[in-house]
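Both counts, for ligands and for their atoms, begin at 1 and track the order of listing.
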Amino acid sequence: MSELSDQTTAGLLPGIKTPADLKRLDPDQLTLLAAEIRDFLVAKVSRTGGHLGPNLGVVETTLALHRVFDSPRDRVLFDTGHQAYVHKMVTGRQDGFERLRQRGGLSGYPSQAESEHDLIENSHASTALSYADGISKAFALRGEERHTVAVVGDGALTGGMCWEALNNIASAKNRLVIIVNDNGRSYAPTIGGLADHLSTLRLNPGYERVLDLVKDALGSTPVVGKPVYEVLHAVKKGIKDAVSPQPMFEDLGIKYLGPVDGHDIQAMESALRRAKGFNAPVIVHAVTRKGYGYRPAEDDEADCLHGPGAFAIETGKLLAAPSVKWTNVFAEELVAIADERPDVVGITAAMAEPTGIAALQKKYPERTYDVGIAEQHAVTSAAGLAMGGLHPVVAVYATFLNRAFDQVLLDVAMHGLPVTIVLDRAGITGPDGPSHYGIWDMSVFGAVPGLRIAAPRDATTLREELREAVAVDDGPTIVRFPTGSVAADLPALRRVGPVDVLREDDRKDILLVAVGAFAKLGMEVAERVAGQGYGVTVVDPRWVRPVPIELASLSRGHRLVVTLEDGIRAGGVGDAVASMLRDAGVSVPLRDLGVPAGFHPHGTRAEILTSLGLTAQDIARDVTEWVSQLEEAAAEHQPQG
Ligand SMILES: Cc1ncc(C[n+]2csc(CCOP(=O)(O)OP(=O)(O)O)c2C)c(N)n1
Ligand SMILES: CC(=O)[C@@H](O)[C@H](O)COP(=O)(O)O
Ligand SMILES: [Mg+2]
């Protein structure tokens, strides 16, 4: 008996430290291991939250690829990296799952600091094939007979960069294996012509029969384990990988193998060994199920438990009590606006539910467009919709708009088109780490001529500013708000132009310009600084780019202006206010507080903000220090005698 089989009673998984350990397992052990991995994923992610559905769907595919290829000599890439948990489990990081996506714990995406087996740390979709094109070219040029393997989701494949890469991969003709992990879904079912094409391939009559067999057998239990083991045995003699000429890819010059049952390790291994032997670009089309083997995930209509918070294993239901999210307020107000404005339409980039566009889609399906994971296309298609007389509202997570800067600048703003872009998850988000932090928009898009950016501080101002945005008909607007529960309403004492005065003190010691959801933080700072004997006025600009000129008159006469934003300082609102004050001839010392431009680690939003000194206590201490330094300087310049 191999030493591994001695662990059958304790399970095989603990004995898997490297991919080499997988190569010693026999088919029955592999099937058992797959069941153990599913148990492990459900157990761990139910406690930490994370990308359960995607990873349940790539168990067999990951085991097969690590048995056929030799990572890290052969490079394995994931698109998107949220489906790399199994890869992490078989490359020595099982213990890390106790603190998955927690500060100082395992990243939810590949991380070079964690392992030599990891490469792509960026969580943005549709990039892996471009990396793979470059890596395979480098291996070829250096004369290294190494393989590059890219696991690409069907959703990621709807992103434009994938097709730019495929165009190059086809002509470069280097050894490169592309595993299309086709579970038919992004969050919701994947849209578009490509998705339809893939589904024609997977509608091989054999597949439906096999997958129904699996689903029926799982009916008896909500939790993975033995039933999955038996079922996977039953289908082992099921679908064989089929080599079928595939015009769309073959015409590109890329071989196609499939469709292959992505839950049949032997079938996947056989297809991957064949693909490896081609030593040329080849697609292995793996047909999988998102959430496979865990009934609550498989049955979750919304997104197959794509990325839940902590949940009850028996039911898959979230443990956290529901709260009103910023997204919910946006969704409700968008539908109310759409009721009044037949020209308002919605666009999502494969994230209707997470961005709230689903509410519009439900009531006005004909006025809602899901363009796939294609933010650049979303923006320029919105420009087209606006040219056609409509007012599109494009809802994306702030971080994902980065890739559409050119489209916003030249396709929308240069033409002065009425497009409203709603940025959810703006600012520091937390568990998804640096490539998810929506900290760039107020700086990067603040440079776009004619673009106006609103940053609401609570539900009331979100509703108000969204309405103001869709009322703008001569250029683009952005409305940005953070992740999580919406802030309690913060009423204004008065309004000066677009600027709300939230707190006022005639002593004019400090003017605190608090941006968006940081208004609450600004008020907490003001209370602390006032407790030190200083007079603090707090204002919320509401529209933050271009900065309101009214801030000049509000700043005049103060000893110090402090700006506070949930975005990068460089080129942010603080810089813009300082520049505007200079231009207005208002010479008041200004200190700008915000997020340092950088790739900040993952953790909770509160932990990251604390690490950056963006807490009421830290800021109050800084502000008090700054204003007392000004007092000392002023005293030194008093005429003596
Ligand atoms: C550019 C970009 N837009 C949106 C997202 C958000 N997102 C994360 S995973 C996902 C769905 C990915 O679908 P697919 O590639 O099919 O992988 P699956 O989750 O089905 O395994 C989306 C839209 C992203 N990561 N990157
Ligand atoms: C992988 C990805 O990009 C998304 O699934 C992201 O993790 C979702 O983030 P939220 O949890 O903030 O919706
Ligand atoms: Mg998918």
Side-chain angles (χ1 to χ4, degrees), residues 49-59 61-62 78-86 100-101 107-110 120 122-129 150-162 179-192 194-195 198-199 202 262 286-292 297 302-309 318 320 325-327 348-356 370-379 395-404 424-433 435-438 482-484 602 604-605:
H51 290 98
L52 181 68
N55 286 285
L56 287 170
V58 287
V59 174
T61 297
T62 305
F78 289 92
D79 191 347
T80 306
H82 68 305
Q83 58 192 323
Y85 292 8
V86 181
L100 175 65
R101 296 168 19 116
S107 165
Y109 300 90
I120 304 175
N122 179 10
S123 63
H124 289 201
S126 316
T127 64
L129 293 186
V151 180
V152 183
D154 58 299
L157 211 50
T158 60
M161 264 180 78
C162 281
I179 301 173
V180 173
N181 171 31
D182 177 12
N183 54 28
R185 298 183 76 108
S186 292
Y187 279 75
T190 302
I191 64 93
L194 171 81
L198 286 177
S199 66
R202 68 171 174 264
V287 178
T288 63
R289 240 178 229 266
K290 196 160 188 173
Y292 185 69
D303 62 18
C304 296
L305 292 186
H306 172 89
L318 295 179
K325 305 282 193 290
W326 288 91
T327 313
T348 176
M351 297 180 79
E353 208 60 50
T355 61
D370 179 349
V371 298
I373 309 180
E375 287 81 2
Q376 294 169 317
H377 170 70
V379 172
V396 295
Y397 284 10
T399 185
F400 301 135
L401 189 67
N402 294 348
R403 60 174 44 181
D424 198 333
R425 273 60 167 191
I428 293 288
T429 49
D432 284 293
S435 54
H436 257 67
Y437 290 159
T483 186
H602 63 270
T604 66
R605 172 175 161 87

query = Arg403 heavy atoms, cut-off 4.0 Å: which ligand 1 atoms fall inside?
reply = 1 (C)
query = Non-hydrogen atoms of His51 versus ligand 2: any pair closer than 4.0 Å?
reply = yes
ask   = Heavy-atom contact under 4.0 Å between Thr80 and ligand 2?
value = no
inquiry  = Would Ser123 count as being in polar contact with ligand 2, using the rule that some N or O on each side must be under 3.5 angstrom apart?
reply    = no
key: Close-contact set for ligand 2 against Tyr187 heavy atoms, below 4.0 Å   = 4 (C), 5 (O), 6 (C), 8 (C)
ask   = Atoms of ligand 1 less than 4.0 Å from His82 heavy atoms?
value = 9 (S), 17 (O), 18 (P), 19 (O), 21 (O)
task = Look only at interatomic distance and state if Tyr187 has a nitrogen or oxygen under 3.5 Å from any nitrogen or oxygen of ligand 1.
result = no
N or O contact, His306 vs ligand 2, cut-off under 3.5 Å = yes
query = How close does the nearest protein non-hydrogen atom get to atom 7 (O) of ligand 2, and which residue and atom is it?
reply = Asp432 OD1, 2.8 Å
note = In ligand 1, the atoms that come under 4.0 Å of a heavy atom of Arg185 are 13 (O), 14 (P), 16 (O), 20 (O)
ask   = Where is the tightest heavy-atom contact between Ser123 and His436, given as atom of each residue plus distance?
value = OG-ND1, 2.6 Å
query = If you measure from each heavy atom of Ser123 to ligand 1, is any distance below 4.0 Å?
reply = yes
query = What are the protein N/O/S atoms, named by residue and atom, that sit under 2.8 Å from the Mg ion (ligand 3)?
reply = Asp154 OD1, Asn183 OD1, Arg185 O
query = Asp154 to ligand 1: N or O pair under 3.5 Å?
reply = yes
query = Is His436 in contact with ligand 2, taking contact as a heavy-atom separation below 4.0 Å?
reply = yes
ask   = Looking at residues at least two apart in the chain, or sitting in another chain, which of them share a salt bridge (Lys or Arg N to Asp or Glu O under 4.0 Å) with Arg101?
value = Asp432
query = Do any nitrogen or oxygen atoms of Met351 come within less than 3.5 Å of a nitrogen or oxygen of ligand 1?
reply = no
task = Note the single closest protein heavy atom to atom 13 (O) of ligand 2, along with its residue, its atom name and the distance in Å.
result = Tyr397 OH, 2.6 Å
query = For ligand 1, which atoms sit closer than 4.0 Å to a heavy atom of Pro54?
reply = 19 (O), 21 (O)
ask   = Heavy atoms, side chains only, cut-off 4.5 Å: are Leu157 and Leu129 in contact?
value = yes
ask   = Any chance the rings of His82 and His306 have centres within less than 6.0 Å?
value = yes
Ligand-residue contact atoms, ligand 1 with Lys290, heavy atoms, under 4.0 Å = 18 (P), 19 (O), 20 (O)
ask   = Atoms of ligand 2 less than 4.0 Å from Phe400 heavy atoms?
value = 3 (O)
ask   = In the protein, what heavy atom is nearest to atom 1 (C) of ligand 2, and what distance, to one decimal place, separates them?
value = Tyr109 OH, 3.1 Å
remark   = Near Arg425 (heavy-atom distance under 4.0 Å), the atoms of ligand 2 are 10 (P), 12 (O), 13 (O)
query = Taking all atoms of both residues into account, what is the closest heavy-atom pair of Tyr292 and Leu56, and its distance?
reply = O-CB, 3.5 Å
task = Taking only heavy atoms of Asn183 into account, list the atoms of ligand 1 that are under 4.0 Å away from them.
result = 18 (P), 20 (O), 21 (O)
